[in-house]
**Q** 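Attaching a single structure in structure tokens format; questions to follow.
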Amino acid sequence: MTGALTPLDRPFLPRGVRLHHDRVRGVEVLLGPETALMLDPVGHAVLAEVDGTRDIASISAALADRYAAPVEVIQADVIEFLGNMAAQRLVEVA
Amino acid sequence: MTAVPQPALSTDAAPVRPTPVPPLAMLAELTHRCPLACPYCSNPLELSARDSELTTAEWAEVFRQAVALGVLQLHISGGEPASRSDLVAIVAAARDAGLYTNLITSGIGLTGARLDELDAAGLDHVQLSVQGITAGIADFVGGYRGGFDRKMQVAAEIARIGFPLTLNAVMHRHNLGDLAQTIALAHRLGARRIEIACVQFQGWALKNRAALQPTREQVDQAKRVVAQARRDYAGKLAIDFVPPDYFADFPKACMNGWGSTGLNVTPDGTVLPCHAAATIPGLSFDNVRTTPLAQIWNESAAFNAFRGTDWLPEPCQSCERRDIDYGGCRCQAMAIAGDARATDPVCRHSPHRARLDAIIAAESSAPPPDFVYRRMGRA
Ligand code: SF4
Ligand code: SF4
């Protein structure tokens, strides 16, 4: 699972990694083993779409639609962001 | 409800001190009981008796207070947490409170059935400690015959259920040579991560330092093994390596900074800024049975004693690493320099560094003495 992700990869959160709303700090957090990653709104928007059924292309299309942004730009950002998460094993792909 | 009181309004004039940043993590030491007797155990020499342990309901209340304070992650430890017959209820209470729940265990006392119950209770992650790669070395280090075989059975049950697994390997003079095989074992057991921690000399490890002290060749070799393994297992196994700080040039930021990120609750409810804080004379520690956790974190003298960097002496105060390591470990300064406020003696700038070098030279050139196994009433 090295190398860049592709639009056809289907990302999912592995067991032991989950999103959490931190009421005290008022932020969304990705919790995993030895990790508590404070997410910015963009990061949270991407991870909230990660459901294990849709591929990166369709996640990017949904986000491009919602934020009225060009899909190529969004898709490149999504691939980079999820690639970073995958390198830390916070996201896996099928 | 339990004996843990609710916060009361103080009528005293408040000292001018900004409210500390809330903690992210809490270590809950459920019990000091443990079937193993590892000579490097981080528990204090003075172990708490069973009848002083917090009850299930008291822990549940501590968890609720911890979440309200801002804690996100709970590490359930001990002793051996599985020695508590109410472990499943405690895990369920932690998840109910909203905590990410990690179980740190030797595996002894867990069965497939009990792990299924922990799964149903919502346990997020398991950290399994290994004392060695074969029954011979592991059972010698753990002081518990049959421990290794039991642990391997537990690892198989963890894999069957699919818990994310981190293997914890504490390394020292007797097993550093097996590092490559230890990493291979982690991969074979299906771990996602391995945490290779060279013994930190606190608690029982300080008592057994001469028996555990690695040699410089072992440490250099271990660094090469880790570098190679990181290439070999890239994308398969994350490798965390904590080198022995005696052999480093600069200290680690102990606990990420005193009172900045985490807190420990001991079996009887005492709240500590770090494992070994009780070795520092003059500090007194509050208990969740009598004081709300938020008050302990925000206001207690023990948590404020070394918070931030204003209290730091020279050479730390004007050092460029001041906000990286906060002057290192207070307990180590206490143990080696005899002064908890001193620069960590690991540091090249510490006037006490020569003492550490002398200790390394003397201990790693002599044959290792016998272990003093960690047992109740054996300090
Ligand atoms: S380090 Fe060993 S003796 Fe100490 S609690 Fe862990 S398994 Fe038990
Ligand atoms: S002098 Fe103090 S702050 Fe600087 S590296 Fe040494 S311990 Fe850290």
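Quantities reported herein were computed from a predicted structural model and do not represent experimental measurements. Chain identifiers are assigned alphabetically (A, B, ...) following the order of the sequence lines, protein sequences preceding nucleic acid strands; residue numbering begins at 1 within each chain.
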**Q** What part of A:Q88 gets closer than 4.5 Å to chain B, counting heavy atoms only: side chain, backbone, both or neither?
**A** neither

**Q** With A:D51, which residues qualify under salt bridge (Lys or Arg N to Asp or Glu O under 4.0 Å), at least two apart?
**A** A:R54

**Q** Does any N or O in the side chain of B:Q73 come within less than 3.5 Å of the main-chain N or O of A:P33, such that one atom is a donor and the other an acceptor?
**A** no

**Q** Does any backbone or side-chain atom of B:V67 lie under 4.5 Å from a heavy atom of chain A? Answer side chain, backbone, both or neither.
**A** backbone

**Q** For residues 5-28 of chain A, which side-chain N or O atoms pair as donor and acceptor with protein atoms under 3.5 Å away, sequence neighbours left out?
**A**
| unit_1 | atom_1 | unit_2 | atom_2 | d |
| --- | --- | --- | --- | --- |
| A:T6 | OG1 | A:L8 | N | 3.3 |
| A:D9 | OD2 | A:T6 | N | 2.8 |
| A:R10 | NH1 | A:G52 | O | 3.3 |
| A:R15 | NH1 | B:I161 | O | 2.9 |
| A:R15 | NH2 | B:D119 | OD1 | 2.6 |
| A:R18 | NE | B:D124 | OD1 | 2.9 |
| A:R18 | NH2 | B:L99 | O | 3.4 |
| A:R18 | NH2 | B:D124 | OD1 | 3.4 |
| A:R18 | NH2 | B:D124 | OD2 | 2.8 |
| A:H21 | ND1 | A:E28 | OE2 | 2.9 |
| A:D22 | OD1 | A:V24 | N | 3.0 |
| A:D22 | OD1 | A:R25 | N | 3.0 |
| A:D22 | OD2 | A:R25 | NH1 | 2.6 |
| A:R25 | NH1 | B:G70 | O | 2.8 |
| A:R25 | NH2 | B:P22 | O | 3.4 |
| A:R25 | NH2 | B:P23 | O | 3.0 |
| A:R25 | NH2 | B:G70 | O | 3.0 |

**Q** Apply the test side-chain contact (heavy atoms from CB on, under 4.5 Å) to residues B:H125 and A:L31: give CA-CA distance (whole Å), side-chain angles for both, the deciding distance (0.1 Å), then the verdict.
**A** CA-CA 11 Å; B:H125 180 256; A:L31 294 177; over 6 Å; no

**Q** Show your reasoning for whether side-chain contact (heavy atoms from CB on, under 4.5 Å) applies to B:R193 and A:R89.
**A** CA-CA 9 Å; B:R193 282 177 63 240; A:R89 299 206 66 177; over 6 Å; no

**Q** With a 4.5 angstrom heavy-atom cut-off, is it the side chain or the backbone of B:A25 that approaches chain A, or both, or neither?
**A** neither

